[in-house]
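Report on one structure; see the data block that follows.
In listed order, ligands and their atoms are each counted from 1. Values in this document were obtained by computation on a predicted structure and should not be read as measured data.
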Amino acid sequence: MPHDHRSRFLQLALRADALRFGDFTLKSGRRSPYFFNAGLFNSGALLAELAGCYADAIGAHGVGFDLLFGPAYKGIPLATAVACEYARRGRDLPLAFNRKEAKAHGEGGTLIGAPMAGKRVLIVDDVITAGTAIREALTIIRDAGGIAAGIVIALDRQEAVAPDVSRRSAAQTVADEHGLPVVSVASLADLLEFAGGNADLVAQRERLLAYRAAYGSET
Ligand code: OMP
């Protein structure tokens with residue numbers, strides 16, 4: 001694997017302990033031999049490095065957008081860090097995020113930051129498994145009058161929503177349903193390639209391959 005944003009991100013995630021191997025139960029109920037916890041990018045330096053990986057992945061894809069949206073909760077620091085990274089690279093982008101509980105006092109509402117109306121919005125989130133979290137974010141953007149332009153996530157787990165019915169990935173399903181690009185910094189395929197080149201990860205790679213055989217998508 002070339003030393004691009006994918007391998008940089010996977011090395012960083014392992015260093016931050018954000019990518020772990022073991023036995024985990026997912027939101028979907030599936031038992032997974034790995035888990036990605038974006039909450040462990042919990043320092044300024046880790047977030048800055050992570051944001052560089054996101055910005056490179058977005059740049060490599062070439063998706064056009066003019067506002068960043070971070071869905072609560074994990075998307076909020078991610079989108080903020082990516083906005084800072086863009087500013088550092090010379091592009092000052094508007095940034096918005098939501099809160100989960102509507103506030104009845106003060107400024108009220110659930111949206112914070114730059115107005116989304118009429119803007120092409122790029123969603124910044126951590127991971128796609130079944131796509132539930134992303135669908136919620138798309139509804140929030142539509143209700144605010146924004147135009148969804150795409151989704152960028154750190155890790156695409158490349159899981160089929162219903163492996164017995166179709167092997168289409170959740171990310172691909174969301175992309176097809178909404179006609180949107182779903183850009184990932186790295187995918188399960190990248191993780192497998194990375195693990196293949198790392199003697200310490202031989203046993204983990206076997207378990208990842210078995211998991212992919214059970215739940216993985218074709219794309
Ligand atoms: P979907 O909404 O099913 O796409 O799953 C995304 C959510 O799953 C994330 O926002 C997390 O809450 C959680 N998750 C992880 O954070 N990391 C993983 O490796 C796997 C999951 C998961 O439960 O599928």
Side-chain angles (χ1 to χ4, degrees), residues 6 9-42 46-47 50 53-54 57 68-82 97-101 122-141 148 150-178 180-192 194-195 201 204-205 207-212 214-217 219:
R6 290 169 295 180
F9 162 69
L10 292 170
Q11 270 159 8
L12 177 68
L14 288 171
R15 178 152 52 86
D17 220 12
L19 185 58
R20 284 192 192 168
F21 301 99
D23 184 10
F24 304 94
T25 302
L26 304 184
K27 193 160 119 180
S28 59
R30 290 177 187 171
R31 285 182 63 187
S32 167
Y34 77 112
F35 193 83
F36 174 65
N37 179 0
L40 288 169
F41 292 97
N42 55 11
L46 288 172
L47 274 170
L50 176 64
C53 297
Y54 271 95
L68 293 167
F69 175 66
Y73 295 100
K74 294 233 179 105
I76 297 175
L78 297 175
T80 306
V82 172
F97 51 94
N98 66 308
R99 64 173 121 241
K100 291 208 176 185
E101 307 289 329
L122 181 67
I123 300 170
V124 183
D125 212 347
D126 54 352
V127 54
I128 285 190
T129 303
T132 320
I134 293 301
R135 284 194 183 81
E136 284 168 18
L138 288 169
T139 305
I140 293 168
I141 293 167
I151 297 137
V152 62
I153 48 169
L155 184 68
D156 181 358
R157 295 180 52 103
Q158 295 181 306
E159 295 193 22
V161 185
D164 44 334
V165 179
S166 149
R167 285 264 167 191
R168 206 160 54 135
S169 76
Q172 192 60 51
T173 306
V174 171
D176 293 349
E177 272 173 18
H178 298 273
L180 292 173
V182 178
V183 179
S184 62
V185 180
S187 63
L188 176 59
D190 297 322
L191 176 56
L192 283 164
F194 179 84
L201 297 177
Q204 285 87 337
R205 187 167 185 276
R207 285 193 284 275
L208 291 177
L209 285 168
Y211 185 76
R212 186 172 71 168
Y215 298 116
S217 65
T219 49

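Within the structure, the closest approach of Val127 to ligand 1 falls below 4.0 Å when heavy atoms are considered. Contact analysis leaves Arg135 out of contact with ligand 1, as no non-hydrogen atom separation drops below 4.0 angstrom.
With respect to atom 4 (O) of ligand 1, the closest heavy atom belonging to the protein is Gly131 N, 2.7 Å. For atom 17 (N) of ligand 1, the nearest protein heavy atom (residue, atom name, distance) is Phe36 O, 2.7 Å. Scanning the protein heavy atoms around atom 8 (O) of ligand 1, the nearest turns out to be Lys27 CD, 4.1 Å. Summary of contacts: the protein heavy atom closest to atom 3 (O) of ligand 1 is Ala130 N, 2.8 Å. Among protein heavy atoms, the minimum distance from atom 24 (O) of ligand 1 is reached at Thr129 OG1, 2.5 Å.
At least one side-chain heavy atom of Val174 sits less than 4.5 Å from a side-chain heavy atom of Leu138.
Side-chain atoms of Gln158 come within 3.5 Å of backbone atoms of Ala189 as a donor-acceptor pair (strictly under, hydrogens ignored).
Atom CZ of Arg135 has more than 12 neighbouring heavy atoms from other residues, nucleotides or ligands inside a 6.0 Å radius.
A donor atom on one side chain and an acceptor atom on the other are found under 3.5 Å apart for Arg157 and Ser32.
In this pair, Tyr34 and Tyr211 present their aromatic rings perpendicular. The plane angle is above 60°, beyond the 30 to 60° band.
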